[in-house]
Amino acid sequence: ILIDYLIAVDNLDEAALLLTKCLNDDDFQSKTGRSKHQMWQMLCQLLSENPNKIHSIHVEPVIRQGLQRFTDMTGRLWISLADYYIRKHQFDKARDIFEEAVKSVMTVRDFGQVFDIYSEFEEQMITLKIEQRRKNGKSDENEMDLQLRLRRFERLIERRPLLLNSVLLQQNPHNVNEWLKRAELFKGKPREVVNTFTEAIKTIDPKLASGKLSQLWIEFATFYEENKQLRESRSIFEKAVLVPYVKVCSGFSNFEILDRSPLTLRAVVVLLKFF
């Protein structure tokens with residue numbers, strides 16, 4: 001009741017302090033029936049929306065504590081923290097928070113919430129710069145800044161599939177199809193493709209793999225083959241046939257036959273060994 005009164009009379013600093021004290025008291029029971037979860041939401045809203053009225057609390061550590069305690073509120077808490085810095089006109093800091101958030105959230109729902117607000121924020125920054133240019137006239141500095149903001153926004157939109165893929169792999173690092181999607185997203189960047197396949201092979205437990213693990217090895221070997229790196233391709237196949245639950249013999253033998261080298265008999269050896 002006292003908290004509601006303090007908010008009503010706009011004494012938000014005292015209200016936030018009292019809320020924090022109640023939340024840190026394990027024995028506290030709200031007379032209004034609010035749960036600790038609801039009180040955290042209330043506190044984070046107060047902190048993020050009133051940066052110029054609350055001075056007695058270090059906002060970021062409080063919200064980060066909430067991130068650790070309430071995983072079902074992750075998306076909203078990250079947005080609250082970014083909103084706090086936006087309202088303080090610390091836009092670079094807000095962008096840093098958004099970047100940290102999209103790389104650390106663990107669910108598709110939280111990612112969607114944060115990414116949508118992040119992209120809206122970047123759009124608003126572009127709109128603000130355009131309005132400033134219209135009001136103050138063009139200048140080389142303003143034009144460079146506007147182009148930087150436009151490129152940043154375009155890059156953010158381009159990164160969305162890869163960022164979402166990272167979230168899905170955090171949820172299930174043994175998801176073969178998502179690893180294959182990741183390799184495809186890096187198409188045209190050979191080093192990143194190789195790193196992706198290598199990381200996937202190290203990460204996936206064959207017993208826990210969802211999807212065809214053999215396809216991952218075949219795609220890895222095929223990548224090298226398409227880039228005329230036959231020795232590396234053969235090496236991948238040779239490693240694959242030793243992995244439990246992985247069946248790549250057909251792909252390996254086809255590779256050797258198409259290679260048409262003196263080592264073509266390898267295909268016959270492989271077939272005899274594993275069939």
Inset, instruction - Treating Ile, Leu, Val, Met, Phe, Trp and Tyr as nodes and any side-chain heavy-atom pair under 4.5 angstrom as an edge, say whether I63 and M106 lie in one connected cluster. - result: no
Legend entry - Same apolar cluster (I L V M F W Y, side chains within < 4.5 Å links), I54/V9: yes
Inset, instruction - Flag the pair Q90 / Y84 as yes when at least one side-chain heavy-atom distance between them is below 4.5 Å, and no otherwise. - result: no
Inset, instruction - Report yes if the side chains of H37 and M73 come closer than 4.5 Å at any heavy-atom pair, otherwise no. - result: yes
Inset, instruction - First locate atom CE of M39, then atom CG of L46, and finally report the distance between them rounded to the nearest 0.5 Å. - result: 11.0 Å
Inset, instruction - Is it possible for you to say whether I126 and L148 belong to one hydrophobic cluster, with membership spreading through side-chain heavy-atom contacts below 4.5 Å? - result: no
Legend entry - Verdict with reasoning, R34 to D4, per salt bridge (Lys or Arg N to Asp or Glu O under 4.0 Å): CA-CA 12 Å; R34 288 192 182 102; D4 291 329; 2.7 Å; yes
Inset, instruction - Walk me through it: do R95 and D92 pass the test side-chain contact (heavy atoms from CB on, under 4.5 Å)? - result: CA-CA 5 Å; R95 185 176 292 109; D92 288 339; 3.1 Å; yes
Inset, instruction - For residues T222 and E226, determine if any side-chain heavy atom of one lies less than 4.5 Å from a side-chain heavy atom of the other. - result: yes
Inset, instruction - Output yes when R133 and D145 qualify as a salt bridge under the 4.0 Å nitrogen-oxygen rule, no when they do not. - result: no
Inset, instruction - Using atom types as modelled and distance alone, determine if a side-chain donor or acceptor of S233 lies under 3.5 Å from a backbone N or O of Q229. - result: no
Inset, instruction - Would you indicate whether the side-chain heavy atoms of K103 and E99 approach each other to under 4.5 Å? - result: yes
Inset, instruction - Verify side-chain hydrogen bond (donor to acceptor under 3.5 Å, both in side chains) between Q132 and K129, making sure each step is shown before the conclusion. - result: CA-CA 5 Å; Q132 289 176 348; K129 180 55 63 175; 3.2 Å; yes
Inset, instruction - Please step through side-chain contact (heavy atoms from CB on, under 4.5 Å) for the pair S30 and K36, ending with a clear verdict. - result: CA-CA 9 Å; S30 172; K36 288 287 184 73; over 6 Å; no
Inset, instruction - Look at atom CD of Q45 and say whether more than 12 heavy atoms of other residues, nucleotides or ligands are closer to it than 6.0 Å. - result: no
Inset, instruction - Would you kindly confirm whether L169 and L162 end up in one hydrophobic cluster when ILVMFWY residues are joined by side chain heavy atoms under 4.5 Å apart? - result: yes
Inset, instruction - May I ask you to decide if L67's main-chain N or O and T71's side chain share a donor-acceptor pair within less than 3.5 Å? - result: no
Inset, instruction - Check whether any side-chain heavy atom of K93 lies under 4.5 Å from a side-chain heavy atom of K88, and answer yes or no. - result: no
Inset, instruction - Verify salt bridge (Lys or Arg N to Asp or Glu O under 4.0 Å) between E192 and R182, making sure each step is shown before the conclusion. - result: CA-CA 10 Å; E192 285 82 352; R182 190 173 187 83; over 6 Å; no
Legend entry - From CA spacing to verdict: side-chain hydrogen bond (donor to acceptor under 3.5 Å, both in side chains), N195, T198: CA-CA 5 Å; N195 289 341; T198 303; 5.4 Å; no
Legend entry - Check: E14 side chain, N11 main-chain N or O, donor-acceptor pair, under 3.5 Å: no
Legend entry - Over all atoms of both residues, closest heavy-atom pair of D83 and S48: OD2-O, 3.9 Å
Legend entry - Test item: E60 and Q65 side chains (from C-beta on) under 4.5 Å apart, heavy atoms: no
Legend entry - Considering all heavy atoms, the nearest A183-V193 contact: O-CG2, 3.8 Å
Legend entry - Trace of the side-chain contact (heavy atoms from CB on, under 4.5 Å) decision for N175 with L168: CA-CA 8 Å; N175 189 324; L168 292 169; over 6 Å; no
Inset, instruction - To the nearest 0.5 Å, tell me how far E123 CD sits from F153 CZ. - result: 4.0 Å
Legend entry - Closest non-hydrogen atom pair between L19 and M42, with its separation: CD1-CG, 4.0 Å
Inset, instruction - Determine yes or no for a side-chain-to-main-chain donor-acceptor pair under 3.5 angstrom, with H174 supplying the side chain and S210 the backbone. - result: no
Inset, instruction - Evaluate whether atom NZ of K212 has more than 12 neighbouring non-hydrogen atoms of other residues, nucleotides or ligands under 6.0 angstrom away. - result: no
Legend entry - Parallel, tilted or perpendicular: ring planes of F223 versus F197, cut at 30 and 60 degrees: tilted
Inset, instruction - Specify the closest pair of heavy atoms between Q41 and R76, including all atoms of both residues, with the distance to one decimal. - result: NE2-NH1, 2.7 Å
Legend entry - Spacing of OG1 belonging to T196 relative to CD belonging to E219, to within rounding of 0.5 Å: 13.0 Å
Inset, instruction - List the steps and the verdict of side-chain contact (heavy atoms from CB on, under 4.5 Å) for E199 and W179. - result: CA-CA 9 Å; E199 185 181 358; W179 282 110; 3.7 Å; yes
Legend entry - Heavy atoms from other residues, nucleotides or ligands near CD of E120 exceed 12 (cutoff 6.0 Å): yes
Legend entry - From L216 atom CG to I204 atom CD1, the distance as rounded to the nearest 0.5 Å: 5.0 Å
Legend entry - Min side-chain heavy-atom separation V62-W40 under 4.5 Å: yes
Inset, instruction - Give a yes or no on whether L208 and L180 share a hydrophobic cluster (residues Ile, Leu, Val, Met, Phe, Trp, Tyr; joining criterion: side-chain heavy atoms under 4.5 Å apart). - result: no
Inset, instruction - Specify the closest pair of heavy atoms between V114 and A101, including all atoms of both residues, with the distance to one decimal. - result: CG1-CB, 3.6 Å
Legend entry - Inter-residue atom distance I57.CD1 - D13.CG, 0.5 Å rounding: 6.5 Å
Inset, instruction - Would you name the heavy atoms of I3 and A15 that are closest together and state the gap between them? - result: O-CB, 4.2 Å
Legend entry - Rounded distance [0.5 Å steps], CG in L17 versus NE2 in H55: 11.0 Å
Inset, instruction - State, yes or no, whether a side-chain contact exists between F28 and K21 at a heavy-atom distance under 4.5 Å. - result: no
Legend entry - Residue of the set E178, R160, E184 for which side-chain hydrogen bond (donor to acceptor under 3.5 Å, both in side chains) holds with N165: E178
Legend entry - Centroid separation F98 to F121 less than 6.0 Å: yes
